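Keep in mind it's a predicted model, so treat the numbers as computed, not measured. Sequence lines set the chain letters: A, B, ... in the order given, protein chains first and strands last, and positions in each chain run from 1.
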Protein chains: 2
Amino acid sequence: MRPTVHDIAEKAGVSLATVDRVLNRRKGVRAETVLRVEQVIASLGYQRDLAAANLAKSRVYPLVFVVPEGENSFMRGLEMAVHEARRRSSVERTDIKLLTVPPFDEGALAGALDGLSVEGLAGVALVATESPAVRRSVARLADAGVPVVTLVSDLPSARRRHYVGIDNVAAGRTAASLLGRFLSHRPGKVAVLAGSMLVRDHVERRLGFDQVMRAEFTNLEVLPVIEGRDEAEAAERLVGEMLDRERDVVGIYSLGAGNRGLISALMARGLNGKIEVVAHELTDHARQALADGVFAAVINQDAGHEVRSAIRVMKALADGVDLVDGQERIRIDIFLRDNLP
Amino acid sequence: MRPTVHDIAEKAGVSLATVDRVLNRRKGVRAETVLRVEQVIASLGYQRDLAAANLAKSRVYPLVFVVPEGENSFMRGLEMAVHEARRRSSVERTDIKLLTVPPFDEGALAGALDGLSVEGLAGVALVATESPAVRRSVARLADAGVPVVTLVSDLPSARRRHYVGIDNVAAGRTAASLLGRFLSHRPGKVAVLAGSMLVRDHVERRLGFDQVMRAEFTNLEVLPVIEGRDEAEAAERLVGEMLDRERDVVGIYSLGAGNRGLISALMARGLNGKIEVVAHELTDHARQALADGVFAAVINQDAGHEVRSAIRVMKALADGVDLVDGQERIRIDIFLRDNLP
DNA sequence: CATTTTTTGATTTACGTACATCAGAAATCT
DNA sequence: AGATTTCTGATGTACGTAAATCAAAAAATG
């Protein structure tokens with residue numbers, strides 16, 4: 001049997017009220033007594049029963065998710081996952097608010113964060129855009145004692161408590177490794193399509209991709225990055241121009257969300273299947289492209305997992321409880337035509 | 001606010017005791033009254049507060065894991081994951097027993113299951129070996145109302161309630177797809193090293209592998225399966241003989257646990273890096289082989305995830321609660337040299 | 001109709017914690 | 001020393017459910 005507050009009170013020779021005061025850091029206890037009680041707590045290895053505590057407090061966890069709006073399918077999937085989680089709110093004692101902000105817009109993101117009333121907030125999860133204003137907004141929340149978690153794209157060294165998402169450098173390395181091996185020492189050029197170099201995940205993927213390309217696949221020349229702002233039209237146009245301009249393009253790494261445009265550009269030129277493409281995020285279009293042989297591989301992160309993980313992490317941080325690390329590591333999924341779920 | 005038993009009692013015009021009797025299927029309530037109360041429960045959308053109920057009952061979940069013993073590194077990892085979970089027992093209200101049985105031994109497994117006292121058992125998770133005796137033992141547990149879950153290797157159509165593990169056909173297909181693309185239309189032979197065709201996961205992986213090989217990579221000839229019983233020495237000897245006998249072996253799919261033996265056989269002949277190898281399970285040896293370029297890819301299932309999932313599933317089944325499906329889907333991890341964690 | 005059996009209500013205790021109140025003890029100050 | 005402030009104890013209520021007891025009411029039985 002695990003020890004209870006009663007056991008502590010008895011062993012420390014104090015009343016239940018005093019134990020409660022110590023446990024919940026309420027004032028009105030002599031330092032000396034606090035120490036004695038804390039020693040007993042440690043010696044008994046007491047851990048509060050969170051379920052009982054939450055019951056007594058009628059605890060709910062008010063959480064906020066901030067996600068970029070727009071046509072980006074992955075973000076829409078993330079939003080759906082948040083709604084999904086919301087349906088479990090009564091069981092999980094959460095109260096989830098979802099905010100959407102214009103993509104790649106530091107001011108809007110910072111503004112949304114600053115607009116949050118900090119009162120009783122148990123956690124904030126945001127898809128981060130790199131900027132000083134956003135860092136300041138995160139710092140404000142942190143100062144107010146609100147656990148902040150970054151989602152999908154990190155903001156390292158900011159005062160976020162945790163990052164929920166894949167290792168994007170590793171994702172880029174994986175993409176390069178797959179592409180390089182699929183092209184097995186055939187010479188040629190490789191193009192990279194990104195959304196924007198303002199979001200960290202894209203920067204990191206590119207970094208990882210370049211690392212491996214340069215080190216292992218010297219037969220391939222990596223062309224300058226195309227920034228399609230994660231919009232289908234822009235991506236189609238830019239990729240089209242590149243394809244018309246360059247000769248010997250044998251591979252493309254699409255590390256952002258412009259997949260629909262990319263597919264159109266390839267199809268329009270009858271290059272589908274002739275160029276090896278590795279893309280990110282298993283959206284409907286990407287899935288179709290895989291099945292059709294337009295994409296060779298898709299690297300994915302599971303939005304449902306990420307949202308559930310973010311919720312677990314925010315609750316744990318709010319409660320000051322340990323995380324099960326392995327459980328919160330978001331993994332890189334690799335899909336080929338033959339392992340589509 | 002979600003409705004409580006008090007709300008039900010009030011609205012149904014009965015006492016709390018009667019509500020309790022209905023909710024917990026105790027006798028002593030007229031059929032007519034039961035109906036009325038149940039209607040109110042449905043109309044209010046009442047859901048019992050599991051945390052409060054477990055608190056009142058001082059509920060613990062006695063669980064049993066049955067895992068094959070022996071040198072199989074993956075199974076040892078699984079065992080470690082169970083011990084890890086055990087450390088969280090007090091928080092998760094579990095009481096976990098771990099049994100090990102000789103591998104590939106139907107009788108031993110069935111015996112272990114039959115030896116379990118069913119009293120109050122909240123769930124059993126086993127790594128299944130295909131056999132009528134095992135099916136019977138599973139049926140006995142099911143009859144006694146104990147939720148049974150298969151782990152890693154399934155026993156479909158038996159009375160297990162859930163399977164926790166990867167889709168092994170998809171894994172085999174993935175392996176074939178990777179191997180085929182890495183060898184990009186080079187002609188040659190491909191060998192398959194399995195543990196035993198008595199365990200379903202190995203059978204299914206082979207099936208998926210053959211499907212894709214036959215359909216997409218006709219340039220490659222798949223050699224008859226080598227059964228190494230997941231033992232290093234046997235695997236080394238059998239693979240060695242195969243390598244000495246066959247010419248033009250360009251790829252190997254190791255779908256079982258004989259990786260150490262496989263690596264030795266390749267090294268001894270200086271074939272490391274010359275033959276593309278796709279293997280299963282990211283053990284220490286496999287990791288090293290990946291880093292050294294002996295293995296091209298490793299397909300993995302995360303033992304920690306599987307154990308945690310099995311526990312969640314058994315608890316949910318014992319409580320008659322819905323699962324979050326997406327959360328319990330075990331994913332196929334693909335590791336290349338460049339995305340090793 | 002009386003008797004037995006079944007059903008129901010009322011009430012209480014428990015689970016482990018949170019939190020509030022009030023009185024009394026101990027320490028600190030004047 | 002008396003007054004004030006700071007601690008501490010005792011006690012009770014609450015959270016939502018489980019479970020037990022006993023009495024009363026209703027129904028079924030003879």
DNA chain C-proximal residues of residues 49-59 of chain B, any heavy atom under 4.0 Å: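 Close to the strand are Leu55(B), Ala56(B), Ser58(B).
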Neighbours of DNA chain C within residues 89-96 of chain B, by heavy-atom distance under 4.0 Å: none
Among Leu116(B), Leu126(B), Leu109(B), Leu113(B), the one residue meeting side-chain contact (heavy atoms from CB on, under 4.5 Å) with Ser137(B):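 The side-chain contact (heavy atoms from CB on, under 4.5 Å) with Ser137(B) is passed solely by Leu113(B) among Leu116(B), Leu126(B), Leu109(B), Leu113(B).
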Selection residues 116-132 of chain A - residue pairs positive for side-chain hydrogen bond (donor to acceptor under 3.5 Å, both in side chains), sequence neighbours left out: Glu130(A)-Arg135(A), Glu130(A)-Arg200(A)
Grab the two heavy atoms, one from [X] and one from [Y], that are nearest each other, plus how far apart they are.
| X | Y | value |
| --- | --- | --- |
| Met314(B) | Val124(B) | SD-N, 3.5 Å |
| Val127(A) | Val67(A) | CG2-CA, 4.4 Å |
| Ala139(A) | Arg159(A) | O-NH1, 3.9 Å |
| Ala318(A) | Pro147(A) | N-CG, 4.0 Å |
| Ala303(A) | Phe74(A) | CB-CE1, 4.2 Å |

Between protein and nucleic acid, restricted to nucleotides 20-22 of chain D and to nitrogen or oxygen atoms under 3.5 Å apart, what atom pairs and distances do you find?
none

Five-pair end axes of the helix from dC1(C)-dG30(D) to dT30(C)-dA1(D) and the angle they enclose, rounded to 10°: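 One end axis against the other gives 30°.
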Residue list, side chain to side chain donor-acceptor pair (under 3.5 Å) with Asp322(B), at least two apart or on another chain: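 Asp322(B) satisfies side chain to side chain donor-acceptor pair (under 3.5 Å) with no other residue.
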Which residues share a side chain to side chain donor-acceptor pair (under 3.5 Å) with Ser89(A), sequence neighbours left out: Thr94(A)
Gap between atom [atom2] of [Y] and atom [atom1] of [X] - 0.5 Å precision:
| X | Y | atom1 | atom2 | value |
| --- | --- | --- | --- | --- |
| Ile166(A) | Asp154(A) | CD1 | CG | 12.0 Å |
| Leu63(A) | Lys315(A) | CG | NZ | 8.0 Å |
| Glu306(A) | Glu328(A) | CD | CD | 11.5 Å |

Arg59(A) to Tyr61(A), cation-pi by 6.0 Å centre distance and 45° axis angle: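 Satisfied, under 6.0 Å and within 45°.
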Any Thr18(A) side-chain nitrogen or oxygen under 4.0 Å from OP1 or OP2 of dG9(D): yes
Indicate every side-chain donor-acceptor pair of residues 79-87 of chain A with a distance under 3.5 Å to a residue at least two apart or in another chain.
{"unit_1": "Glu79(A)", "atom_1": "OE1", "unit_2": "Arg76(A)", "atom_2": "NE", "d": "3.0"}
{"unit_1": "Glu79(A)", "atom_1": "OE1", "unit_2": "Arg76(A)", "atom_2": "NH2", "d": "2.6"}
{"unit_1": "His83(A)", "atom_1": "ND1", "unit_2": "Glu79(A)", "atom_2": "O", "d": "3.2"}
{"unit_1": "His83(A)", "atom_1": "NE2", "unit_2": "Arg86(A)", "atom_2": "NH1", "d": "3.3"}
{"unit_1": "Glu84(A)", "atom_1": "OE1", "unit_2": "Arg87(A)", "atom_2": "NH1", "d": "3.1"}
{"unit_1": "Glu84(A)", "atom_1": "OE2", "unit_2": "Arg87(A)", "atom_2": "NH1", "d": "3.2"}
{"unit_1": "Arg86(A)", "atom_1": "NE", "unit_2": "Ile96(A)", "atom_2": "O", "d": "3.1"}
{"unit_1": "Arg86(A)", "atom_1": "NH2", "unit_2": "Ile96(A)", "atom_2": "O", "d": "3.0"}

Ion pair Asp319(A)/Arg48(A), N-O distance below 4.0 Å: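 Answer for the salt bridge query: no.
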Residues that Arg25(B) engages under salt bridge (charged side-chain N to carboxylate O under 4.0 Å, His left out), provided they are two or more places apart: none
Under the salt bridge (charged side-chain N to carboxylate O under 4.0 Å, His left out) test, residues paired with Glu69(B) that sit two or more places apart: none
Most 5' of Leu16(A) and Glu32(A) on DNA chain D, judged by nearest nucleotide: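 Looking at DNA chain D, the more 5' nearest nucleotide goes with Glu32(A).
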Nucleic acid contacts of residues 3-12 of chain B, taken as heavy-atom distances under 4.0 Å to DNA chain D: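 When residues 3-12 of chain B is checked for heavy atoms under 4.0 Å from DNA chain D, the hits, listed by number, are Thr4(B), Val5(B), His6(B).
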Nucleotide range of DNA chain C lying under 4.0 Å from chain A heavy atoms: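 Extent of the interface on DNA chain C: dG16(C) to dT21(C).
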